[in-house]
There are 2 protein chains.
Amino acid sequence: MDKKKTSKGKKIPKATIIRLPVYLHYLTELAQKGISVVPSHDLAELAGGNGPQLRKDLSYLGEFGTRGVGYNVGRLAHHISKFMGLNKEQSVAIIGVGKLGMALINYKGFAEKGFKICAGFDNNSQMIGKKVDDLVIYDVRDLGKIIKEKDIEICIITVPASEAQSIADKLISCGIKAILNFAPIFLKVPDDVVACQIDLSIELQILSFYRTLLK
Amino acid sequence: MDKKKTSKGKKIPKATIIRLPVYLHYLTELAQKGISVVPSHDLAELAGGNGPQLRKDLSYLGEFGTRGVGYNVGRLAHHISKFMGLNKEQSVAIIGVGKLGMALINYKGFAEKGFKICAGFDNNSQMIGKKVDDLVIYDVRDLGKIIKEKDIEICIITVPASEAQSIADKLISCGIKAILNFAPIFLKVPDDVVACQIDLSIELQILSFYRTLLK
DNA sequence: ATATGTGAAAGCATTCACAGCT
DNA sequence: AGCTGTGAATGCTTTCACATAT
């Protein structure tokens, strides 16, 4: 996958991309508090980074600060949002309405960030046709039809590990290009599809290891 | 935080630490299938990496392979497990039994990897004293007492963002050194505590950005 | 033949220091 | 004076090539 280039033709580090949404989050929070200007050091501290790194990160997008003053909160938020393509609502579906899928359907944070969950899918006939928090649960066999109808761009997989790869394959054949996978397996996807993995047990194992290092 | 050293005194890269649990996962799977030897390339492919990288990763722990043959699945799994301190059961508590907390309590994957969820906590009097899937829900006010009683080493925070930092502070004052946080804020913790952040909206934003790069 | 283990090289990311604005 | 923007330097990580072992 090619990296996005700045206006000056430079590549933007992956590490920077990962931090941008965090900056955006705190900028939105500052704006809600009525704060309109923030220096790099203060914003970086909120986001768990440091001033020089934040400035370097932002420098890839352009020059948005004012020397001697700081960054205009609204203006910077707008630029990050636009750069990342987050300035329009995106439709999301959740495949697998077990406990975790259910929890994600109810999660308020997605809507706040512009992600509209607009379909749930399951293969359990007990679930199909039911509503969870105003959201209709469809049969996985109707994936293709509903994805087209509702213009779904991102899918979240919360099915058991044994079914995850075949669900991913089906999503890809339906034209889905972005998958967030909670099943504990590494999904094989073609180069023109992005898949992101969240494996809760592995996170705990890493955390546990770092804890043992402390003593 | 100091990095763990190999027997030869070299530091182990953080990037390697993150991959080790993935290798371990697939080694366990191979063992269950009755496969007892695996070459670096095959294991790496399952884990989403490549052979040379896997070999370099493992070289930090020692020499566990056989040239011309590959790695003994059981032996390697045992060594990774021991190295990471994952060869004994660890007790985990979940703070905040909303939909997400509930889903995590029910998540089977934790037990498979040796993490025993042995308490839930909430501040909602409706929940306190109830059982969720055989697990008792305690009052957050009893955090200190129960953490000691049940020898809890790792806590998972699934409370709203506004309460997450104060819960973290309380956990730290109870002696907890490892926190997995699902609330969308960056937790401030002292140097002798490790905190790991999973922000679902941010993951979606990163994924969404990479999708826009494809076209 | 085949696959590991590992220096050396190349590729990324972070930190630093300071010039350049306000 | 104060804070941004950025080349240069430092520190990490990945990739490569091949000596080494079965």
Side-chain angles (χ1 to χ4, degrees), chain A residues 1-20 22-23 27 30 35-73 75-76 79-80 83 206 210, chain B residues 1-20 22-23 27 30 35-73 75-76 79-80 83 206 210:
Chain A
M1 183 185 357
D2 275 7
K3 274 192 183 173
K4 186 156 181 173
K5 307 278 179 72
T6 61
S7 45
K8 290 169 197 163
K10 285 182 209 151
K11 285 178 191 168
I12 297 181
K14 205 175 159 187
T16 293
I17 298 300
I18 290 170
R19 284 186 294 264
L20 288 176
V22 185
Y23 301 150
L27 285 167
L30 288 171
I35 294 167
S36 63
V37 173
V38 67
S40 62
H41 173 84
D42 294 11
L43 178 56
E45 187 159 70
L46 288 169
N50 57 57
Q53 179 168 80
L54 181 140
R55 294 201 300 276
K56 182 136 271 234
D57 284 341
L58 296 182
S59 77
Y60 293 110
L61 313 199
E63 301 192 12
F64 301 118
T66 309
R67 291 166 199 229
V69 180
Y71 296 91
N72 178 298
V73 170
R75 195 166 106 89
L76 182 54
H79 270 99
I80 293 178
F83 170 79
I206 295 167
Y210 279 118
Chain B
M1 180 184 4
D2 275 9
K3 274 192 184 174
K4 187 156 181 174
K5 307 278 178 69
T6 60
S7 46
K8 293 170 196 161
K10 286 182 208 151
K11 285 177 190 171
I12 296 183
K14 205 175 155 186
T16 294
I17 297 300
I18 291 170
R19 283 185 293 263
L20 287 177
V22 186
Y23 301 150
L27 285 166
L30 288 172
I35 294 167
S36 64
V37 173
V38 67
S40 62
H41 174 84
D42 293 11
L43 178 55
E45 187 159 71
L46 288 170
N50 57 58
Q53 179 169 79
L54 181 139
R55 295 201 300 277
K56 181 131 272 228
D57 284 341
L58 296 184
S59 76
Y60 294 111
L61 312 199
E63 301 193 10
F64 301 118
T66 309
R67 290 168 200 230
V69 180
Y71 296 93
N72 178 298
V73 170
R75 195 166 105 89
L76 182 55
H79 270 99
I80 294 178
F83 170 78
I206 294 166
Y210 280 118

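Reminder, nothing fancy here: chain letters follow the sequence lines and each chain counts from 1. All values reported here derive from a predicted model rather than from experimental measurement.
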(request) Using whole Å, report how far CG of A:D57 lies from P of C:dT15. (result) 10 Å

(message) What's the closest nucleotide to the side chain of A:R67 if the choices are D:dT4, D:dT13, D:dC18?
(response) D:dT4

(request) Specify the closest pair of heavy atoms between A:E63 and A:R75, including all atoms of both residues, with the distance to one decimal. (result) O-NH2, 3.7 Å

(message) Using whole Å, what does the distance between atom P of nucleotide D:dT13 and atom CG of B:L20 come to?
(response) 13 Å

(message) Under 4.0 Å from OP1 or OP2 of C:dT14: is there any side-chain N or O of A:N50 that close?
(response) no

(message) Of the listed nucleotides (C:dT6, D:dG5, C:dA3), which one gets closest to any side-chain atom of A:E63?
(response) D:dG5

(request) Starting from the 5' end of DNA chain C, give me the residue, B:G70 or A:G68, whose nearest nucleotide shows up first. (result) B:G70

(message) Show the nearest heavy-atom pair for residues B:I17 and A:I206, with the distance to one decimal.
(response) O-CG1, 4.4 Å

(message) With a 4.0 Å limit, can you tell me whether B:R55 has a side-chain N or O closer than that to the phosphate oxygens OP1/OP2 of C:dT4?
(response) yes

(message) OP1 or OP2 of C:dA13 versus the side-chain N and O atoms of A:Y60: is any pair under 4.0 Å?
(response) no

(message) Looking at B:Q53, I'd like to know whether one of its side-chain N or O atoms comes within less than 4.0 Å of OP1 or OP2 on D:dT15.
(response) yes

(message) Both A:V69 and B:P39 contact DNA chain C. Taking the nearest nucleotide for each, which residue is further toward the 5' end?
(response) B:P39

(request) With the side chain of A:K56 defined as its heavy atoms from C-beta on, choose the nearest nucleotide among C:dT22, C:dT14, D:dT14. (result) C:dT14

(request) Among B:V38, B:V37, B:L43, find the residue that satisfies the side-chain contact (heavy atoms from CB on, under 4.5 Å) test when tested with B:V73. (result) B:V38

(message) Expressed as a whole number of angstroms, how long is the span from A:I12:CD1 to C:dG11:P?
(response) 20 Å

(message) Does C:dT4 have its OP1 or OP2 closer than 4.0 Å to a side-chain nitrogen or oxygen of B:S40?
(response) yes

(request) Report the distance from atom CG of A:L58 to atom P of C:dA13, rounded to the nearest whole Å. (result) 16 Å

(request) Rounded to the nearest 0.5 Å, what's the gap from CG on B:N72 to NE2 on B:H79? Could you check? (result) 10.5 Å

(request) Check the distance between D:dG5's P and A:H79's NE2 and give it to me in whole angstrom. (result) 12 Å

(request) Nearest whole angstrom, please: distance from the C1' of D:dT6 to the CG of A:L61. (result) 15 Å

(request) Give the minimum heavy-atom separation between A:P39 and A:V69, together with the two atoms involved. (result) CB-O, 4.3 Å

(request) Compare side-chain N and O positions of A:R19 against OP1 and OP2 of C:dT14 and report whether any pair is under 4.0 Å apart. (result) yes

(request) Would you kindly give the NZ-to-P distance between A:K14 and C:dG11, to the nearest whole Å? (result) 17 Å

(message) In this structure, how many angstroms lie between the C1' atom of C:dT14 and the CD1 atom of A:I18, rounded?
(response) 14 Å

